[in-house]
Number of protein chains: 2
Amino acid sequence: MTGIVEVAARAGVSVATVSRALRGLPGVAAKTRKSVEEAAAELGYVASPSAAALPTGRTGAVAVVSPVARGWYFTAVCEGAQDVLTANGYDLLRYELSDVETDRRRVFDTQLLRKRVDAIVIASLRLTNDEVEALYAMNRPVMAVGPIVPGMPCVRIDDVEVGRVATEHLVQLGHRDIAFAGGDPDDTLGFPVSPERRSGYVEALHAAGIEPDPAMTVPAKFTVEAGVEAYAELRSRGVNPTAVFAVSDEVAMGIMYEARRHGVRIPEDLSVVGVDDHDMSWLFGLTTVAQDVREEGRIAASTLIERLRSGIDRETSVTTVPATLVVRSSTRRLEP
Amino acid sequence: MTGIVEVAARAGVSVATVSRALRGLPGVAAKTRKSVEEAAAELGYVASPSAAALPTGRTGAVAVVSPVARGWYFTAVCEGAQDVLTANGYDLLRYELSDVETDRRRVFDTQLLRKRVDAIVIASLRLTNDEVEALYAMNRPVMAVGPIVPGMPCVRIDDVEVGRVATEHLVQLGHRDIAFAGGDPDDTLGFPVSPERRSGYVEALHAAGIEPDPAMTVPAKFTVEAGVEAYAELRSRGVNPTAVFAVSDEVAMGIMYEARRHGVRIPEDLSVVGVDDHDMSWLFGLTTVAQDVREEGRIAASTLIERLRSGIDRETSVTTVPATLVVRSSTRRLEP
DNA sequence: CTGAAAGCGCTTACAG
DNA sequence: CTGAAAGCGCTTACAG
């Protein structure tokens, strides 16, 4: 493996000069820099990140920590983050966290993460207070994408607003019997996304003079399968919504699938609105409150890089990106 | 950051002993090992991968290199690989390669990759001969998932067989006018997947005494959008297939979407079969030749780890995993 | 079974 | 503007 000494020999300078020249540090004569750069290029030399990390403490890598969830959402966050990380010479390390406590401890309790990466993106992950503490103790810039983590800077959408916009759309189409599918009864960590979207739903109903019917709220995690179950639950309860607001597009897809399986036509018999604008939502003609998840990943990464440049601080600013209603064919005016 | 000297101090031994004890090396007294492990646990100590990489040359990380393609496929490969890498204490580094040559050179020409990781998974990436050479020059175990790369070990499905199985299914349902959607006219790197699946298609047709009609083959990359365009192209050519074999499920989804938009019913008017068993295929009732992509990722990762343990060799074995027809509701017998 | 010391490939004060 | 040298945190012959 070509190392810095070979480059130095070839360029006829010391390794110190090579180091400075290649990193664009000031105080290197222009022609010296040029010949070093040439020598490095000819040899295909790049400084070993491991070796450079030792004296500097910088690894040149950023971690994206997400749940094991194999969803479109986390993929999109990573893609966005990767775009800007690559462009800035950082590598992207992926950590998937299960719900198993021991697995999580491995990441949070040990200092592995801290020793591996310069900064951390938390992608829509439910964290315990201890985990938040551990994250801070790492003394590395952290950025959350998704729900607000107290004391942590964050990129997000306004989930209450999202719920309101989705529900208002249905109300304006004349619907009054509007169900909500979302919220995970198993969630021990208080993941706020579903409750907030439901708050918006409740607000919008109240604003329209509609009293929310508890029987119209059915639980659903963020998966297609959960949507299927949610619709089944709705039927088994014997309630008859004319519209459903699903906590995510994947849930909405499951609802549409199951409804059709029961001969319920969409949108003639049932209007459905989701959240996200999943890559495949247009295929289903799904009306949705769209968010640009890749952009959120990009913002998270560039914020971290900026922070890395300017020195670590404990910023906690929250960036709220817009979410906009995209009307397609899964919702329609309620025929009286 | 707690380092090895603190652990040594706490355990009352030398750093050499700590190093040996923690890595499970032989020649450490049982009680010594125990007290070292306790000290390390109390301090939350983990050896710095960067520092350890310097003397050993091992980084404890594995790269997954894939195209920028934001597809389900690459995500699934990564998920599978991550499962086994995490379980074995390796971290997963993600590299997305664009089609832009300069971006690719950054990965292949420089020795960054080699200095960053111990092994490399190539996920269904079209490589030039130079890139294959560069990969070998890195002297790191490499494993391809997807198409065979000459001289490189690989996990794959038999794409000719896949094409044959899909087409035979349609033939057995009485179809004779069977279109094929796949193959990328822009592909300069000779990506073999589509051509091989088409070979299977041609073979199956011949076996049934059907002469393939060139007008029945339309190009399509591996995306939903390409499927939409492929169906549009089929219409504009004025051919009237009663069935289509799509090179992937995403292409099939696009075809179904566009066909229905034109009032063509599936499967009454058109049978469609894809390849992959994409996570969402069941939602579309899509008949498909299923492959277990996550398992392929797992196999790739465990093969690499095995190779890492046993020392680097230039193995080139090809592991072919099964692909099986899953019949759902997008295909049906042709009514005479 | 254990420890002292050299060395991995860089970066960075410190001198000049 | 440039170089010699110390040091980053580990691992690994080499002694004992």
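Chain A is the first sequence line, chain B the second, and so forth, proteins listed ahead of strands; every chain is numbered from 1. Since we're looking at a predicted model, the values are computed, not measured. Atom set for the values below is all heavy atoms of this structure, side chains included, hydrogens, waters and symmetry mates excluded.
Around the NZ atom of A/K221, the shell of radius 6.0 Å holds no more than 12 heavy atoms that belong to other residues, nucleotides or ligands.
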Under 3.5 Å between N/O atoms: give me all the protein pairs with nucleotides 2-4 of chain D, atom names plus distance.
| residue | atom | partner | partner atom | Å |
| --- | --- | --- | --- | --- |
| D/dT2 | OP1 | A/T32 | OG1 | 2.3 |
| D/dT2 | OP2 | A/A29 | N | 2.9 |
| D/dT2 | OP2 | A/T32 | OG1 | 3.4 |
| D/dG3 | OP2 | A/S14 | N | 2.9 |
| D/dG3 | OP2 | A/S14 | OG | 3.1 |
| D/dG3 | OP2 | A/T17 | OG1 | 2.7 |
| D/dG3 | N7 | A/R20 | NH2 | 2.7 |
| D/dG3 | O6 | A/R20 | NH1 | 3.1 |
| D/dG3 | O6 | A/R20 | NH2 | 3.4 |

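Between B/F108 and B/L97, some side-chain heavy-atom pair lies under the 4.5 Å cut-off. Side-chain contact between B/V321 and B/D292 is absent, with no heavy atoms from C-beta onward closer than 4.5 Å.
With a cut-off of 3.5 Å on both Watson-Crick or G-U wobble distances, the partner of D/dT2 is given as C/dA15.
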Discussion item. Assess the residue pair B/R23 and B/S19 against the criterion (side-chain hydrogen bond (donor to acceptor under 3.5 Å, both in side chains)); give the C-alpha distance rounded to whole Å, side-chain angles, the decisive distance to 0.1 Å, and a yes or no.
Written reply: CA-CA 6 Å; B/R23 284 177 303 139; B/S19 176; 3.0 Å; yes
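Atom CZ of B/R58 is separated from atom P of D/dT11 by 13 Å (rounded to the nearest Å). Whole-Å rounding puts the B/L54 CG to C/dC8 C1' distance at 4 Å. One interatomic measurement links the two molecules: CD of A/E6 to C1' of C/dC8, which rounds to 14 Å at whole-angstrom precision. Rounded to whole Å, the distance from CZ on B/R23 to C1' on D/dC10 is 9 Å. The CZ-P distance, from A/R116 to D/dC10, rounds to 13 Å in whole Å. Look at CG on B/L25: it is 13 Å from C1' on D/dC10, rounded to the nearest Å.
Going from the C1' atom of C/dG16 to that of C/dT12 covers 16 Å, rounded to whole Å.
In this view, B/E42 and B/R10 satisfy the salt bridge (charged side-chain N to carboxylate O under 4.0 Å, His left out) rule, not counting sequence neighbours.
Between A/R298 and A/E295 there is a salt bridge, since at least one side-chain N of the basic residue sits less than 4.0 Å from a carboxylate O of the acidic one.
Among the heavy atoms of the strands lying under 4.0 Å from B/K115 are primed sugar atoms or P, OP1, OP2 only; no base atom is included.
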